[in-house]
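What you are looking at is a predicted structure, and each value in this text was computed from that prediction instead of being measured. Just so it is clear: chains get the letters A, B, ... in the order the sequence lines come, proteins before strands, and each one is counted from 1.
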There are 2 protein chains.
Amino acid sequence: MYPGREEVGQRSETVRRANLSAIVRELHLRGPLSRSELVARTGLTRSAIRALVGELVAGELVAEEAAVRLGTPGRPSPLVRLVPDGAVVLALEIAIDSLAVAVVGAGGVVHELERVDRPRGHLSLDEVVADLVELAALARSRRPAGEMPIRVAVAVAAIVSRADGLVRFAPNLGWVDVPLGARLAEALALPVPVEVDNESDLGALAEFRRGAARGADDVLYVHGEVGVGGGIIVDGRPLDGIGGYGGEIGHMPVNPDGRSCRCGSTGCWETEVGEGALLTRAGYALDGGREAIDQVLADAAAGRPAALAALDSVGRWLGIGLAGLVNILNPRRVVLGGLFSRIHPFVVDRMDLTLDHYALAAPRRLVSVVPSTLGVDAPLLGAAEMAFEPLLDDPAAWLGPRGALVQLESA
Amino acid sequence: MYPGREEVGQRSETVRRANLSAIVRELHLRGPLSRSELVARTGLTRSAIRALVGELVAGELVAEEAAVRLGTPGRPSPLVRLVPDGAVVLALEIAIDSLAVAVVGAGGVVHELERVDRPRGHLSLDEVVADLVELAALARSRRPAGEMPIRVAVAVAAIVSRADGLVRFAPNLGWVDVPLGARLAEALALPVPVEVDNESDLGALAEFRRGAARGADDVLYVHGEVGVGGGIIVDGRPLDGIGGYGGEIGHMPVNPDGRSCRCGSTGCWETEVGEGALLTRAGYALDGGREAIDQVLADAAAGRPAALAALDSVGRWLGIGLAGLVNILNPRRVVLGGLFSRIHPFVVDRMDLTLDHYALAAPRRLVSVVPSTLGVDAPLLGAAEMAFEPLLDDPAAWLGPRGALVQLESA
DNA sequence: ACCGGTTTGTGTTCCTCTCTTGCAAATGCC
DNA sequence: GGCATTTGCAAGAGAGGAACACAAACCGGT
């Protein structure tokens, strides 16, 4: 129903492609499955599954193992699993306080993960790119020689134009209209595309696929750091918007006569729930970074009134903002990431009560607000998930003629 | 990419179904097309198009006409068009001030349209259903005897649970948890399903398909009446949310310490931009209905300060609310419907300026805010569009064996 | 402990569905 | 009349479905 763009005609090859895609996607998302489970999941016949899996096995993307006996009657069905080294991606992240890189294999296996602290403040594109390239080299050096990721993806704390890999606005880095994707592609010198996306959008994807929002088709991921970012999943698909700028929930006006925001607007949500709001209300200096937040949490745990009051206020404004978003989006699950995940125990009561008041009853009843399960790595893992999309979408393009995994040129 | 639910396996029939659907959908959305244009649009071969169109012609859903000569060289291509009487739907609307019914033919041809004023205030379900049935009978009486709509859809100013046709909350009608769909189906006594949806969601669909948002894949429709409703299109698909309650933008908190809202919350957007806010600020009584609004607009046209100030305030709050929505959704187009369409000339400047301040630069640049082109009929026409979906989705199910248009039982 | 019956699943062959390819004919502008 | 475009038709290729035989494990009775 309601296809987005021009529906192009289908042909026999389309069917095969869609079916291969369905199998690989199931394996990627749910882990190893027996052939008969694949039959049940896809609705295809044994013959078809057999042929399709055979093709994937020949292409060394998946492997079949001896049947596991699980107490069920009948002939055991061979287990089909993605081979973790069959296809890997390189995921990068530029966060406020750290840089990270990961090599992730098909099925979501994290082969390598490196995260290093990063001083806050403005750094040049060159510096950041150089650091990332070094990290990537380190991670890749521990992998089999000659291993080539099928794609590279970067999560960055910024407003990003996905189509061209341009960082539009990154106040924490001091970047405006910076060609991150192109520069990184050049510096990495890998013969594969480099994609760039917002860290909150990718955090949403990761929590949706492998975290706290698994199984929910409508998801809102709210990422608190210095600013507040959001990632939205609608009916299983990321909400990107026309320019890929969707999900900038931190700049939703909730208090139009309130404080001015670094985006130039006034009363944005992040001026009430961001790191700065918490620190200011708790009586700390703004430039304390993570240590200051740690201090606030320690104070709160110790029962100090200033910290508790600050957290209470953040909890209230969290509830107010989420109420609006719940009314607009009617999600099944809201996942709190970053700062919000850390303060969750201290704010949950106030937040829930506020949500009860400000949200409509019907959508409120259906939503659950939970902290992130992937923690700081959510955006990084989301980048990996995004990087796998082309493979999941068209596995045949990655199956070499004689079983070698090669990348075919595609439009 | 990113399929929402379990991707079911595809088979040959799936291909045919998808291709038939693509053809019918193109014809429905773009109007008559030559066979060769269909070839270009779908990417299928002439032979395939020939066979598919032939099947549709045999089923009397489409007709082929003599080629039009348009000065192009080559053999002229026959024009394929949906026959307007081939499949029709019955669309109904329960608005604040009126009831309406339409009989719409494939391709969006409005055969009949009746709208009658309705007194404001609480009416029982029985009364409303009886009125609608009467209106429907009137409209259908002017149509060929024996004509049977393929589906019925109702737009209603309420929070609706689409899945079961339940009206959850309709403050203007005084309804809570009312089984509108079931009762209407019973009273109409037509052997076809009756669907119920929110009038703003359907207005969005209509403006997206045939109105001011045509060609834009990411759309926000904002409907002002007593309350404020919204309809959201994301990448060409309606944003329903998990319970179908999505798009309730009227209850987004924009002024959490402001007035209390009839939904039970405080500072909802509609308390600042709804009809009540406008009337109150302009110094009129709240129960004036449409006449009072007319008076405010007349006053404004005459330059009376109170009316101008009230409109200015509404314009400002419109800009504030839209800024949040633009940041969250990054739409290509925002369509103002209902009350907002009427006051648009008076508020556009203030609204645009406010939007400039409160919205992020990147998404702001890409969006255009325009008044509705379908006016009061947008929700009604949206209901028709929704009612046509099953046909567009699977035309074969509506092609009888010998060319008669019959509805097949489907899961 | 043994031994068929039952259940579940595989392998293989042939069939059907659907679109593509290739060639010849038709049509209308220049 | 030449050329470009499109149609119509018949043969061909790709892909999954259906049916049958067989294999492997569980289950219960003896």
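- Across the protein-nucleic acid pair, A:Gln10 atom CD and D:dG14 atom P stand 18 Å apart, rounded to whole Å.
- Under the side-chain contact (heavy atoms from CB on, under 4.5 Å) criterion, B:Ala212 pairs with B:Glu207, B:Val335, B:Val370, B:Thr373, sequence neighbours left out.
- Among residues two or more places apart in sequence or in another chain, the side chain to side chain donor-acceptor pair (under 3.5 Å) test is passed with A:Ser12 by none.
- Considering only the side chain of A:Pro78, C:dT10 comes nearest among C:dT18, D:dG17, C:dT10.
- DNA chain C is contacted by both B:Ala51 and A:Arg35; A:Arg35 maps to the nucleotide lying nearer its 5′ end (nearest heavy atom per residue).
- Comparing B:Glu13 and B:Ser34 against DNA chain D, the residue whose closest nucleotide sits nearer the 5' end is B:Ser34.
- In this structure, the CD1 atom of A:Ile49 is 9 Å from the P atom of D:dG16, given to the nearest Å.
- Checking the phosphate oxygens (OP1, OP2) of C:dT10, a side-chain nitrogen or oxygen of A:Ser77 falls inside 4.0 Å.
- A straight line from CD1 of A:Ile23 to C1' of D:dA15 spans 13 Å, rounded to a whole angstrom.
- The CD-C1' distance, from A:Glu64 to C:dG9, rounds to 13 Å in whole Å.
- Here A:Arg16 reaches the OP1 or OP2 of D:dG16: one of its side-chain N or O atoms lies under 4.0 Å away.
- In this structure, the side-chain contact (heavy atoms from CB on, under 4.5 Å) partners of B:Val80, at least two apart in sequence or on a different chain, are B:Leu27, B:Arg35, B:Leu38, B:Val53, B:Val62, B:Glu64.
- When rounded to the nearest whole Å, the span between CG of B:Leu20 and C1' of C:dT18 equals 11 Å.
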What's touching nucleotides 9-13 of chain D from the protein side, N or O pairs under 3.5 Å?
from: D:dC9; atom 1: OP2; to: B:Arg50; atom 2: NH2; distance (Å): 2.4
from: D:dC9; atom 1: N4; to: B:Ser47; atom 2: OG; distance (Å): 3.1

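- In terms of position along DNA chain C, the nucleotide closest to A:Ser36 lies nearer the 5' end than the nucleotide closest to the other residue of the pair B:Ala48 and A:Ser36.
- Following rounding to the nearest Å, B:Arg11 (CZ) and D:dG16 (C1') show an atom-to-atom distance of 8 Å.
- Put simply, CG on A:Asn19 and CG on A:Leu44 are 4.5 Å apart, with the number rounded to the nearest 0.5 Å.
- A heavy-atom distance below 4.5 Å is not found between the side chains of B:Val152 and B:Glu195.
- Among residue pairs with one or both ends in residues 17-58 of chain A, those qualifying as ring-ring contact (aromatic ring centres under 6.0 Å, His included) are A:His28-A:Phe388; sequence neighbours excluded.
- One interatomic measurement links the two molecules: CG of B:Leu52 to P of D:dG8, which rounds to 14 Å at whole-angstrom precision.
- Taking atom CZ on B:Arg17 and atom C1' on C:dC19, their separation rounds to 18 Å, with Å as the unit.
- Applying the 4.0 Å criterion to OP1 and OP2 of D:dG8, one finds that B:Arg46 has every side-chain N and O outside that range.
- In this structure A:Ala216 satisfies the side-chain contact (heavy atoms from CB on, under 4.5 Å) test together with A:Val219, A:Arg332, A:Arg333, sequence neighbours excluded.
- Of the candidates C:dT10, C:dT21, D:dG16, the closest approach to any side-chain atom of A:Asn19 belongs to D:dG16.
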